Amino acid sequence: MPGEPEVRLPDTPATPLPAETGPPPEGRLVRVLPEPARIGRAFDYSVPDATDGPLEVGSMVRVALAGRPVGGWVLECDVTPPDGVTLQPIRKITGHGPPAEVIDLCRWAARRWAGRLATFLTTASPHRAVPALPNPPTPGPPPTASEAEIAEVVAAALEHPVATLRLAPAADPLGAVLAGLAQRWEQGPGLVVVPEHAQAAQLTRALRRAGVTAVPYDRAWAAAKAGGSTVVGTRAAAFSPQGDLGVVVIVDEHDESLQEEGSPSWHAREVLVERCARLGVPLLLISPVPSQEAVALGPVLSLSRSAERSGWPPIDLIDLRAEDPRVGLFHPRIVAAARAAHRPVFVLNRTGRSRLSICRNCSATATCERCDAAVSRLETGIFTCPRCAHERPEVCLACRGTAFANLRLGVSRVVEEASALLGVDVAEATGASGGRDGLPEGGPVVGTEAVLHRAGSADLVVFLDFDQELLAPRYRAAEQALALLARAARLVGPRAGGGRVIVPTREPEHPVLHAAVLADPDRAVAAERSRRQLPAPPPSGAVAEIAGQAAPAYVERLTPLLDDVPDAQLLNPEDGRWLLRAPGWQQLSALLDQVERPPGRLRLRVDPLRL
DNA sequence: CGGACAAGCTGA
DNA sequence: CAGCTTGTCCGG
């Protein structure tokens, strides 16, 4: 049979005409950014007239991309698609998404922290679809005035675009939050951001009791978008969809939980500074130990000296320089105080490799002469600073002695020692071990700093190795150490409550300890600023960490651009990651923005928490 | 992100 | 040269 080839193979399609135009698309045309952040591009779709659901910038939709369904956000309505593309209809409108104002804020954040827009939009979007918004509540009267002194200080703070209210750790921030809300009642409800989920839940309840319509951000996104309610949430609430903000308050502004640990390493405080500036809404920061960023952003206001003092418990220092470095962790004063306490809490920070060199002659801790970090002995005879890499011979800076003892600590040994000394069982609460319910009601507990979150209440906190904190090889070590003392102070309660904090130390003159003992955080801030001449950490300088499998390719593209930015420097600290420094985040972000991202995994963290 | 397809390595 | 891996490109 001389049959003709009747089957046309599908792999040789007729070449489509370049300007092939289908039927004109029906309905409106929208530009959609797909949810998967790696895609990173927007695509145009048509919206059939019959589609129901809210259609506006920010709406969440489902579309087909390369034949498979994905979620996405409408970034623009009524767009003009590029020539030659045939639009597909969107599959459905899923529901409400972040408003245009928040999308712009996300664009800013994506640039600021060298992240992707989709990552921020995910943070700013509801967890579940919101097809319709509830009715906003009818506005009620402002909450009744707080204590006069608080109301007055808050009023003064709200005169500024950004101001910090320094409130002692054991003081309840509720009064200040209420005062802030009341004073801006006419302009709209508030947004209150706190570090921890439990704090958000507790503050929401307290605000409701005070007559404020408050909703938790994580469970009431729809109510937040509907407006009229004060929103309380953790850092993601910085992107709350409220359209009618009257005031923004951040409680415990210094807390590291306000910064995302991963990449992009965005910080709720910085996001809200930008958002408030755009909206002309005042931002009130509250903290017992304001960060240097807060200090740089505006005035720091405080209550009277006596009011602040009363909100810190007594903090007792034990000067270990007078003791034999081998005396052990439990000074007789600690044992006596712990025996008298109902629930003593012992904090031992790192479970493993904490190591200090102690001068055998004068008991001073060996530190870096340039930056004050505790030095380590990488090779015999030479101290190396893990923070600034400065090297010096093994000589005591205080007494010129050359013999050093190596101090090491471990949690299990401490539990044993404490049990023996106190004659009772001592519970252990490390970060790894279980939930908060594992701890008995009273009695002594030993743990890492996580124990300060889990102990529930305590009438005594003892820091067993606070010098490790004070001298840690990190930027911000001093700030973090003071924050730790504030956390302990909050657990123990106000001065009148009978609790106390004990800090054995070889650094009793350290400004951080002075600040806590005198309940005067100003002292630590002043010291921190004048202390060292290192490349400046935030807020006076900016650092980005470039890591991940695609880091070398990224650095290769970045390097030629460095010539135009004389103040930027690129450092490679050996382990496959790079650090990029610039005088400020503006220069840093602008530089990173010019680099085209190479394919592959890349971790880009601007101003990371820890380096 | 996930599929499509192109360019490289291995084994008879 | 099939058969598989690894890489690059692209989606409306």
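Quick caveat: nothing in here was measured; it's all calculated off a predicted structure. First the proteins, then the strands, lettered A, B, ... as listed; each starts at 1.
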Distance-only check: which donor-acceptor pairs under 3.5 Å involve side-chain atoms of residues 197-204 of chain A, not counting sequence neighbours?
unit_1: A:His197; atom_1: NE2; unit_2: A:Asp218; atom_2: OD2; d: 2.6
unit_1: A:Gln199; atom_1: OE1; unit_2: A:Glu196; atom_2: N; d: 3.2
unit_1: A:Gln199; atom_1: NE2; unit_2: A:Asp252; atom_2: OD2; d: 3.2
unit_1: A:Thr204; atom_1: OG1; unit_2: A:Ala200; atom_2: O; d: 2.6

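The footprint of chain A on DNA chain C, defined by a heavy-atom cutoff below 4.0 Å, extends from C:dG11 to C:dG12.
With sequence neighbours excluded, no residue forms a ring pair (Phe, Tyr, Trp, His ring centres under 6.0 Å) with A:Trp73. In this view, A:Trp578 satisfies the ring pair (Phe, Tyr, Trp, His ring centres under 6.0 Å) rule with no residue, not counting sequence neighbours.
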> How would nucleotides 2-8 of chain B be written as a contact map, 5' to 3', with B for base contact, S for sugar-phosphate-only contact and - for no contact, using protein heavy atoms under 4.0 Å?
Replying inline: SS-----
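A:Trp221 has its ring centre no less than 6.0 Å from the ring centre of A:Phe239.
Counting only residues at least two apart or in different chains, salt bridge (charged side-chain N to carboxylate O under 4.0 Å, His left out) contacts with residues 222-234 of chain A comprise A:Glu56-A:Lys225.
Between A:Gln242 and A:Val231 the shortest heavy-atom distance is CD-CG2, 3.3 Å.
A:Leu33 places its CG atom 14 Å from the P atom of B:dC1, with the value rounded to the nearest Å.
Between A:Arg605 and A:Trp113, every side-chain heavy-atom pair lies at or beyond the 4.5 Å cut-off.
Considering A:Thr94, A:Ile93, A:Leu87 as possible partners of A:Ile90, the one that fulfils the side-chain contact (heavy atoms from CB on, under 4.5 Å) test is A:Ile93.
Residue A:Pro82 is in base contact, counting any heavy-atom pair closer than 4.0 Å across all strands shown.
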